[in-house]
Colleague: 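Supplied in structure tokens, the structure appears directly below.
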Amino acid sequence: MEPVRVRYPPSPTGLPHVGNIRTALFNWLLARHTGGQFILRIEDTDRERLVEGAYEAILESLRWLGLDWDEGPEAGGPHAPYIQSERQKLGLYAEAARELVEKGDAYRCYCSTERLEKLRERQAINSLPTGYDRRCRNLSREEQARYQEEGIPPVVRFKMPLTGRTTFHDLLRGDVTWDNARMDDYVLLKADGFPTYHLANVVDDHAMRITHVLRGDEWLASTPRHVLLYQAFGWEPPQFAHLALVLGEDRAKLSKRHGAVALLDFRDDGYLPEAMVNFLALMGWSLDDKTTLISRADLVKHFSLDRVSASPAAFDLDKLKWMNGSYIRQLPLEEFTGRALSFLEDPDHGLPPRIPRPLDRNYVQRVCALLQERVRTLAEMSEQAELFFTDEVIYPPLLIWAGMGDKELRRRAEAGEDLSNVPLPENAPAVRTWLDAALAILKETYSLPADKSADPTIHHVLDIIAGKTPWLHKDLENACRALAGELQVKTGELFGALRVAITGRITAPPLFQSMEVLGRDRTLKRLQAAAARLPQQGTG
RNA sequence: GCCCCCAUCGUCUAGCGGCCUAGGACAUCACCCUUUCAAGGUGGAGACCAGGGGUUCGAAUCCCCUUGGGGGCACCA
């Protein structure tokens, strides 16, 4: 395919959401695949609906996903400016509108908004087709002059052909035909001097030499108007392809009530941009019958319009989570640590604020090693890593029994039931003896001096020669397995009790590795605190 | 109401006339692994290809109708 010039023309009236960004991605992929250009153009012609921060969010969304633009704001380019309000100041649109008026393809309309509203109302009541009634289409010179004298600012309307049909070829859907009579004389230039989307996008797409217009399905119905406009100007229209919309999980059009839909929400929820790109690419495009995990490079290499689906896709958050988890697991540990670190330190989305920053990178890396294959998002890291960053863990003592394997208790704990006031089972003193015994045994196990911890294996050997057992998960496990034998309890039962005592949770990373990361001090303190909360033998 | 677009497992999709008793992925279920949770492995259930007519020796694939879903009908994009 020849190099294309495509554009992404967002309007700063809100935060870009995933459906919108999906369109940007497809444009970007087509540009990169063909070696063409991807152009960013800001369509801020609606002065009333501008939203503060939306412009920044647009740029940030593209940057986060790595969708770099060849021309546009900040990048510049041969067709600058790329912000329509600035182009408006240059008189580009007014000039184009005047040209059409002079040629007789457009006219000035002085109808008030009130009249138009009433008109629409009447049409609705009588179930007539809505649309402008062309009252100003054939105004006499005198009438026009009179309105002008009254100082009514006119809009410029396109003079729609009253008969005939307009056909255009959609790259995804084939030929689409409209009856011209079905379309009204739509507005090109508003009373405030700003163009409507219809005028602005045609004028700019032509000026910027856009070859392919890849946009959402919501534009399909206005494409014949655009085609007619190109004809009126005597310009060659670009190729069109209308992408099916992205729907919410309930198959309705994606909107705020579907939860996170703004692209940057996903960043804040701990999704990786590469996973997001992969996932979005698969909303309407596919490589073949079995590939789901595709690198950005392969996406660029293989993307093509004829593998784009014409039917709408529902957003499947579960699949995104899975895919994100898969990308997380693929990351080298160092890389994962880097990303997790900045996320964990973030005051809004990371660890609770009471945990002091900055975090120690080496320590975070050891935590990451345990959690990497257990989280699907970075936000899950925040939850699961917390126990490694606090001195004490808080939990109802009864949770120990849930950890030991009591199915009913476990179910209740997982259901979020408050177990703090439920009386402890009769074997509580026995369980306490386990914890005490574990505490005694683990006290025999030593941490490596800090300066030695760089190479634990060598020092492990040295310490064994010296008669010491270092604080390494293998040794901890051996010790506790032996203890289970002595106590004549199942290993799973003992380990489960220890897990809750030490981590405060019934599910956590592998017990002995967690203990190793937590270190001797914290582990022993937590064990002691846990034991102290259980009744002693004979004291009832 | 009018116009347009779309239609394969719950979801994303493969399929562009015979390779399909419809393939993959997520989710789901069972089992294996296992100190919990994950991850991983194995297997299962899950779509009579929306329904009905054609065309054809032969249709998920082409055509028509119906139904359903979506979009559009602004001095919003």
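Numbered from 1 within each chain, the chains take letters A, B, ... in sequence-line order.
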Colleague: With side-chain hydrogen bond (donor to acceptor under 3.5 Å, both in side chains) as the rule and sequence neighbours excluded, what pairs involving residues 193-206 of chain A come up?
Modeller: Arg7(A)-Asp205(A), Arg41(A)-Asp205(A), Gln84(A)-Asp204(A), Arg87(A)-Asp204(A), Tyr93(A)-Asp204(A), Tyr197(A)-Arg215(A), His198(A)-His226(A)
Colleague: Just checking Ile394(A): does its CD1 atom have more than 12 heavy atoms from other residues, nucleotides or ligands closer to it than 6.0 angstrom?
Modeller: no
Colleague: Touch check for Leu282(A), heavy atoms < 4.0 angstrom, all strands: base, sugar-phosphate only, or nothing?
Modeller: sugar-phosphate
Colleague: Heavy atoms, side chains only, cut-off 4.5 Å: are Pro195(A) and Val203(A) in contact?
Modeller: no
Colleague: Rounded to whole angstrom units, what separation is found between the CD1 atom of Ile294(A) and the C1' atom of A14(B)?
Modeller: 13 Å
Colleague: Please write out the pairs of protein N or O atoms and N or O atoms of nucleotides 75-77 of chain B separated by less than 3.5 Å, giving the distance to one decimal.
Modeller:
unit_1, atom_1, unit_2, atom_2, d
C75(B), O2, Ala191(A), N, 2.8
C75(B), N4, Cys111(A), O, 3.0
C76(B), OP2, Lys190(A), NZ, 2.9
C76(B), O2', Asp46(A), OD2, 2.7
C76(B), O2', Arg49(A), NE, 3.4
C76(B), O2', Arg49(A), NH2, 2.9
C76(B), O2, Arg49(A), NH2, 3.1
A77(B), OP1, Thr45(A), OG1, 2.8
A77(B), OP1, Lys190(A), NZ, 2.6
A77(B), OP2, Tyr197(A), N, 3.1
A77(B), O3', Glu43(A), OE1, 3.3

Colleague: Go through the structure and list residues passing salt bridge (Lys or Arg N to Asp or Glu O under 4.0 Å) with Arg499(A), not counting sequence neighbours.
Modeller: none
Colleague: Which letter, B, S or -, goes with each nucleotide of nucleotides 41-46 of chain B from 5' to 3', with contact meaning a protein heavy atom under 4.0 Å?
Modeller: ------
Colleague: Looking at Phe336(A), I'd like to know if the NZ or CZ of Arg339(A) sits under 6.0 Å from its six-membered ring centre while staying within 45 degrees of the ring's axis.
Modeller: no
Colleague: Going by the side-chain hydrogen bond (donor to acceptor under 3.5 Å, both in side chains) test, which pairs reach into residues 310-324 of chain A, not counting sequence neighbours?
Modeller: Ser309(A)-Ser311(A)
Colleague: If you assign Gly496(A) and Glu373(A) each to the RNA chain B nucleotide with the nearest heavy atom, which residue ends up on the more 5' nucleotide?
Modeller: Gly496(A)
Colleague: Hey, are Glu380(A) and Arg374(A) close enough for a salt bridge, meaning a charged N less than 4.0 Å from a carboxylate O?
Modeller: no
Colleague: By the 4.0 Å heavy-atom rule, please label Ala508(A) as base, sugar-phosphate, or nothing.
Modeller: base
Colleague: Can you tell me the base-pairing partner of U55(B)? Count Watson-Crick or G-U wobble geometry only, both distances below 3.5 Å, and say none if there is no partner.
Modeller: none
Colleague: Out of the candidates Phe315(A), Phe266(A), Tyr271(A), Trp285(A), only one should pair with Phe279(A) under the ring pair (Phe, Tyr, Trp, His ring centres under 6.0 Å) rule; please name it.
Modeller: Phe315(A)
Colleague: Does A74(B) have a Watson-Crick or wobble mate here (both distances under 3.5 Å), and if so which one?
Modeller: none
Colleague: Measure from CZ on Arg481(A) to C1' on U34(B) and round the result to the nearest Å.
Modeller: 10 Å
Colleague: Over how many whole Å does the gap from Gln384(A) atom CD to C37(B) atom P extend?
Modeller: 13 Å
Colleague: Could you check whether Arg47(A) gets within reach of a base, just the sugar-phosphate, or nothing at all, counting any heavy atom under 4.0 Å?
Modeller: nothing
Colleague: Tell me what Gly284(A) touches on the nucleic acid: a base, only sugar-phosphate, or nothing, going by heavy atoms under 4.0 Å.
Modeller: sugar-phosphate
Colleague: Provide, to the nearest angstrom, the distance between the CE atom belonging to Met323(A) and the C1' atom belonging to A39(B).
Modeller: 17 Å
Colleague: Which letter, B, S or -, goes with each nucleotide of nucleotides 2-9 of chain B from 5' to 3', with contact meaning a protein heavy atom under 4.0 Å?
Modeller: SSSSSS--
Colleague: Whole angstrom is fine here: how far is it from CG in Leu287(A) over to C1' in G15(B)?
Modeller: 15 Å
Colleague: Can you list the residues that meet the ring-ring contact (aromatic ring centres under 6.0 Å, His included) rule with Trp178(A), with sequence neighbours excluded?
Modeller: none
Colleague: Tell me: CG of Leu245(A) to P of G70(B), nearest whole Å?
Modeller: 11 Å
Colleague: Could you give the CD1-to-P distance, from Ile502(A) to U36(B), as a whole number of Å?
Modeller: 16 Å
Colleague: Sorted by first residue and then second, give each side-chain hydrogen bond (donor to acceptor under 3.5 Å, both in side chains) pair with at least one member in residues 152-174 of chain A; sequence neighbours left out.
Modeller: Arg165(A)-Asp179(A), Thr166(A)-Asn180(A), Thr167(A)-Thr177(A), His169(A)-Asp175(A), Asp170(A)-His242(A)
Colleague: Base contacts versus sugar-phosphate-only contacts with protein, heavy atoms under 4.0 Å: please encode nucleotides 22-33 of chain B as B, S and - from 5' to 3'.
Modeller: -BBBB-------
Colleague: Counting the atoms with a prime plus P, OP1 and OP2 as sugar-phosphate, which does Met183(A) contact under 4.0 Å by heavy atoms, base, sugar-phosphate, or nothing?
Modeller: nothing
Colleague: Which part of the nucleic acid does Phe194(A) contact within heavy-atom distance under 4.0 Å: base, sugar-phosphate only, or nothing?
Modeller: nothing
Colleague: Is there a side-chain polar atom (N or O) of Arg115(A) under 4.0 Å from OP1 or OP2 of A74(B)?
Modeller: no
Colleague: Go through the structure and list residues passing salt bridge (Lys or Arg N to Asp or Glu O under 4.0 Å) with Glu373(A), not counting sequence neighbours.
Modeller: none
Colleague: Let me spell it out: for each of Phe495(A) and Ala313(A), pick the nucleotide of RNA chain B with the closest heavy atom. Which residue's pick is nearer the 5' end?
Modeller: Ala313(A)
Colleague: Are a donor atom and an acceptor atom from the side chains of Asn20(A) and Thr23(A) found within less than 3.5 Å of each other?
Modeller: no
Colleague: Please determine if Asp133(A) and Arg122(A) form a salt bridge, counting it only when a charged side-chain N lies under 4.0 Å from a carboxylate O.
Modeller: no
Colleague: Pairs in or reaching into residues 397-415 of chain A: which pass side-chain hydrogen bond (donor to acceptor under 3.5 Å, both in side chains), with residues at least two apart or in two chains?
Modeller: Trp401(A)-Asn427(A), Glu408(A)-Arg411(A), Arg410(A)-Glu414(A), Arg412(A)-Glu417(A)
Colleague: Scan for ring pair (Phe, Tyr, Trp, His ring centres under 6.0 Å) pairs involving residues 366-387 of chain A, sequence neighbours excluded, and state none if there are none.
Modeller: none
Colleague: Taking only N and O in the side chain of Arg307(A), is any of them less than 4.0 Å away from OP1 or OP2 of U13(B)?
Modeller: no
Colleague: Distance check needed: U34(B) P versus Glu477(A) CD, whole Å only.
Modeller: 12 Å
Colleague: For A7(B), give the paired nucleotide (Watson-Crick: N1-N3 plus N6-O4 or O6-N4; G-U: N1-O2 and O6-N3; both under 3.5 Å), or none.
Modeller: U67(B)
